[in-house]
Amino acid sequence: MGRFIVRRLILAIPVLIGVSIIAFLILHLSPGDPAELLAGDEATQADIQMIREKFGLDQPLTTQYFRFIKGIATGELISMKYEVPVMEIVGKRLKNTLILSSVAIAISVIVGIMAGILSAVHRYSWIDYVATVVALLGVSMPVFWWGLLMILLFSVNLMWLPSGGMGGFRHMIMPAIALGTASAGIIARMTRSSMLDVLQQDYITTAVAKGLRQKLVVYRHALRNALIPTVTVIGLQFGYMLAGAVLTESVFSWPGIGRLIVDSIMGRDYPVVQTALLIIALIFVLANLVVDVLYALLDPRIRYND
Amino acid sequence: MTGIAKKGLYLLLAVAALSLCIAGTALADNEELIIAKSREALALDPQDITDTPSEEVNRAIYEGLVTFDDQLNIVPMLASSWTYTDDGLEWTFKLREGVKFHSGTPFNAEAVKVNFDRILNGKYKRTSLYQPVIDKVEVIDDNTVKFTLKESFGAFLNVLAHTAGLILDPSYVQDEAKNEAIKHKPSGTGPFMLDEWEQGDFIALKAYKDYWQGKPKLQRLVFRTIPEDSARAMMIETGEADIAQQIPPTDVERLLKNKKVDMKVLPSIVVQFIGINCQNDILKDPAVRLALAYSIDRQAICDKILMGYAEPVDSMVAPLVNGYSEVKGFTYDPEKARAILKEAGWVDTDKDGIREKDGKKLTVEFWTHGRDTLSLKVPQSVQAFANAVGFDCQMKVMDWGAFLSATGKGLEESTSQLMWLGWSPSTGDADWVYRPLVHSDYWQPAGPNRPFYKNNDVDEAIMVGFRSVDQEERKAAYKRAQEILSTELPWIPLYTRKTLHAFNAKLHGVEYLPLDFVVVTHESYKD
């Protein structure tokens with residue numbers, strides 16, 4: 001297992017180099033000049049040139065790329081928009097998104113797995129139908145619409161919860177639910193179908209025939225196996241949440257990495273976008289690795305020997 | 001229900017119960033004022049910023065020698081009075097005594113000199129505002145300072161009232177490390193000083209107790225970044241914000257009915273234009289530009305798309321701008337537009353609805369950006385109006401960065417035809433509309449004259465307005481320029497929109513500058 005993890009980590013290096021080159025090229029080759037944006041629409045050519053020189057934008061692309069890599073390695077990379085170290089701003093925003101995504105994924109895992117099990121165990125009953133409809137609603141509802149509805153109800157009308165911003169547990173409830181809803185729906189559907197598969201297998205019939213209690217059959221024998229595809233989905237969902245929380249972050253004014261990336265793309269803040277994408281790629285790689293390790297823990301038949 | 005399901009349900013119920021236990025109405029206390037802004041401030045160095053959100057926050061921390069009142073007249077601030085020589089070259093300012101920076105450093109003539117030496121000799125984003133104008137700044141005595149200009153400049157006081165003219169603490173400027181960090185650790189003479197800054201979330205200022213006009217009544221002033229329009233509108237309803245800026249027109253009616261909210265419809269000096277490339281084969285003929293102008297129903301655009309929160313304008317400058325004159329403009333007259341095009345030789349010979357001349361169709365590309373929904377909706381309506389009289393107007397939408405780049409190219413490279421652009425003169429003076437937008441020295445890429453327009457009479461009138469210190473003479477010069485521009489139309493002025501800000505009804509003493517700034521003073525308070 002140890003060797004497997006080390007090998008996967010080494011394999012991550014070319015992935016990250018690839019991501020850094022692609023992100024760098026897409027940004028630099030797309031139209032739009034950061035110096036023009038920073039200088040504002042009243043700027044003269046001299047103002048724009050001054051900013052280009054300040055951030056080395058007048059240098060050849062290869063020089064700029066290696067300066068970026070060096071900046072990442074030394075932690076000296078500076079945001080063109082905020083003029084603070086990139087790692088400081090990306091780190092802060094990433095932490096905010098991690099907090100939000102962790103709560104959101106916790107909610108979606110609890111709700112999703114619970115609903116999935118209920119649906120599978122009570123197949124074709126009213127519980128199954130209700131859970132299915134709710135799960136589909138969860139997947140289908142656009143997050144900004146669902147978020148605004150919650151704000152209208154819980155902030156404007158009932159005045160129970162703050163409508164946005166960071167500040168404590170109460171600030172997190174609505175954004176986490178909004179962000180976790182779609183994932184909860186997906187996890188519920190996945191758990192249901194894999195539970196149904198497993199519940200129809202012979203060893204489950206044997207377990208029931210042996211007279212084991214339903215609780216023991218469902219949780220000890222069925223759920224553990226049924227969770228393997230679900231864990232894959234959870235890992236991917238967590239990755240998507242990190243990079244794709246931008247709508248939730250906008251509706252709830254949550255200063256997270258998604259909003260930072262979108263704002264930085266619009267403002268052509270190259271160092272911030274490149275660094276943030278690189279870190280998100282790293283998190284994706286790590287999340288997938290964790291999922292693979294979890295497979296082995298869930299299913300004793302899976303072993304990583306090589 | 002199975003065990004794990006029950007456990008999960010209990011867990012969720014526990015979370016819900018906990019949240020309700022600690023829930024309460026989220027009302028701010030009356031010593032704190034929260035402003036919800038759509039965009040965040042980026043830096044607290046007034047000489048090195050160009051964005052309006054930063055300017056607004058800077059104005060709570062710093063003060064200039066002079067400032068604007070709510071009608072954009074120039075009024076004293078750190079200078080109590082001033083005189084100038086007849087030739088307009090020397091301006092002497094008498095400074096207030098007893099003013100101190102947040103660090104305790106006294107404000108005096110040396111502080112003013114240090115500030116202007118910094119911007120004139122440095123490489124800051126606003127250096128170009130002063131470098132062509134100011135020759136030198138001299139200390140006459142502790143409370144008197146003299147500016148010598150390179151040539152007389154009629155809008156000099158307006159340029160001093162600009163955010164870039166706010167005075168930084170000289171003890172910071174003269175200390176290399178502090179000067180370097182000034183945009184994140186500022187010190188000014190204003191009523192508020194920096195307390196806390198979470199980039200992307202909020203900037204919190206606290207009262208400066210030794211403020212020269214008296215201790216501020218508010219203890220804390222917070223600028224929160226709330227990018228989502230609807231979220232800002234809701235924050236004023238929940239009491240989480242005391243001022244919600246840039247309310248979308250669709251939310252105004254609802255907020256007007258809310259007694260806890262003072263929904264204000266405020267004047268602005270932003271004018272929205274269609275910029276026209278006057279060197280383009282089709283559009284270099286003023287008749288085509290005039291026909292396009294007559295084809296557009298600007299009143300309908302203001303009423304239907306901006307829901308009445310805008311007014312058509314005939315001049316390139318908004319009425320509140322210094323130097324504005326009323327001129328005769330154009331009205332919506334599609335028949336006249338058709339007649340003008342016909343007379344210019346554009347006729348629809350093949351009956352496909354598009355006019356032709358010498359085998360060339362009247363096809364024009366209209367470039368816009370997706371920064372806000374108005375920048376899509378209004379160009380769409382312009383496209384429909386233009387096509388109704390025989391143009392083949394095609395919209396091209398770019399993101400803001402790509403748009404700036406495409407419209408910012410020099411004449412040889414430029415392929416622009418029609419461009420969607422707005423302009424707000426940050427000095428509050430007509431000089432900073434006409435000079436950059438239509439004077440021939442400012443053709444892209446040297447400046448923002450994107451239409452590549454040149455007219456010697458207009459250039460001359462603009463320079464009379466630039467040099468004269470007689471305000472009446474300046475006004476007459478700009479009127480002359482505008483009268484020519486209204487017939488040649490390098491820019492078709494469409495409308496000036498209203499600024500829609502919602503205020504907490506308990507809030508008093510907060511001022512609004514039509515430059516789109518909310519000014520919280522030491523006298524602002526909440527019941």
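Every value quoted in this text rests on a predicted model; they were computed, and no experiment measured them. Note on naming: letters A, B, ... go to the chains in the order of the sequence lines (proteins, then strands), and numbering restarts at 1 for each one.
- B/E240 has its side chain within reach of A/P162: a pair of non-hydrogen atoms, C-beta onward, lies under 4.5 Å apart.
- B/E228 and A/S250 form no side-chain donor-acceptor contact under 3.5 Å, judged by distance and modelled atom types alone.
- Only the side chain of B/D48 comes within less than 4.5 Å of a heavy atom of chain A; its backbone N, CA, C and O stay farther away.
- Interface remark: A/E83 contributes backbone and side-chain atoms alike to the contact with chain B (heavy atom separation under 4.5 Å).
- Contacts of A/I51 with chain B are made by side-chain atoms alone, with heavy-atom separations under 4.5 Å and no backbone atom involved.
- Evaluated for a side chain to side chain contact (heavy atoms under 4.5 Å, CB included) with B/T238, the options A/V156, A/N157, A/L161 yield exactly one hit, A/V156.
- Heavy atoms of A/A46 lying under 4.5 Å from chain B are absent altogether.
- Between A/S253 and B/R224 there is no side-chain heavy-atom pair separated by less than 4.5 Å.
- Both the backbone and the side chain of A/M166 come within contact range of chain B, judged by heavy atoms closer than 4.5 Å.
- You'll find the side chain of B/R126 stays beyond 4.5 Å of the side chain of A/D47, heavy atoms only.
- Interatomic distance, A/R259 CZ to B/T225 OG1, rounded to the nearest 0.5 Å: 6.5 Å.
- Judged by distance alone, the side chains of A/Q45 and B/Y442 never bring a donor and an acceptor atom under 3.5 Å apart.
- Heavy atoms of A/I89 lying under 4.5 Å from chain B belong exclusively to its side chain.
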Would you please test B/L404 and A/D33 for side-chain contact (heavy atoms from CB on, under 4.5 Å) and show each step? CA-CA 8 Å; B/L404 272 188; A/D33 179 349; over 6 Å; no
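- Inter-residue side-chain proximity for A/M266 and B/R371 is flagged as unmet; no heavy-atom pair is nearer than 4.5 Å.
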